[in-house]
Amino acid sequence: PSWQRRQSRECACDGDDGATGDGDDGAADASHHHLVYLFASQYVVKPLRREAAAFAEHADAECLPCTASARHYVSCLLALDDLRDERAGGVYVRARGAGAHDAARYAALDVGDALFLASDVRHWSGRNDAHRLRRVFMPQFSASPITHLAAAAAA
């Protein structure tokens with residue numbers, strides 16, 4: 001897949017990462033930018049009362065092939081519909097490092113809310129038992145391009 005390179009906002013940095021701020025107000029040199037790569041994006045529509053529309057517990061990084069160049073990225077789940085009601089098939093999140101028997105929390109999201117998930121955070125969603133479709137948009141970002149190493153080696 002082709003990569004789309006996005007440049008984030010200018011940021012105030014302390015000198016630890018090479019920024020040249022003036023030290024007084026924390027402002028960074030105007031030429032200092034962080035690059036963020038759009039890894040993937042998904043538009044998910046969860047239909048009503050379909051068991052097949054539930055997502056089993058997983059961490060997104062588990063979905064990448066072992067030959068991927070990097071396995072760390074951030075997913076931004078944007079609620080396009082009201083997900084405050086658990087019957088809507090919203091997302092449950094387990095604390096990082098928690099075991100399968102540890103409690104998870106339901107992410108009650110209102111329209112326009114965002115939930116950020118690191119690629120190693122375990123999460124899942126149930127079926128949609130609400131009275132309407134449930135929609136989310138989920139762009140995923142990485143600090144470096146994620147490529148399939150076997151394909152890169154053949155090029």
In Å, rounded to the nearest 0.5 Å, how long is the span from [atom1] of [X] to [atom2] of [Y]?
X    : Y    : atom1 : atom2 : answer
E51  : R127 : CD    : CZ    : 5.5 Å
F39  : S144 : CZ    : OG    : 10.5 Å
S75  : D60  : OG    : CG    : 4.0 Å
E86  : D129 : CD    : CG    : 11.5 Å
S125 : K46  : OG    : NZ    : 2.5 Å

Would you give me the side-chain donor-acceptor pairs under 3.5 Å for residues 104-112, sequence neighbours excluded?
from	atom 1	to	atom 2	distance (Å)
Y106	OH	L83	O	2.7
Y106	OH	D85	O	3.1

Got [X] and [Y] here, is their nearest side-chain heavy-atom distance under 4.5 Å?
X    : Y    : result
L38  : P139 : yes
F137 : S41  : yes
V74  : L117 : no
L78  : V136 : no

Kindly give the heavy-atom pair with the smallest separation between A88 and A130, and that separation in Å.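 Looking at all heavy atoms of both residues, the shortest contact is CA-CB, 3.8 Å.
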Using 30° and 60° as the class limits, which term best fits the ring planes of W124 and Y92: parallel, tilted or perpendicular? parallel
Which pairs with one or both residues in residues 131-146 pass salt bridge (charged side-chain N to carboxylate O under 4.0 Å, His left out), sequence neighbours excluded?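 Salt bridge (charged side-chain N to carboxylate O under 4.0 Å, His left out) check on residues 131-146 returns D81-R135.
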Where at least one partner belongs to residues 42-64, residue pairs that pass ring-ring contact (aromatic ring centres under 6.0 Å, His included), sequence neighbours excluded: H58-H123
For A61, is there any backbone N or O sitting under 3.5 Å from a side-chain donor or acceptor partner on S119? no
Look at the side-chain heavy atoms of Ile, Leu, Val, Met, Phe, Trp and Tyr, link any pair under 4.5 Å apart, and say whether L80 and M138 land in one connected group. no
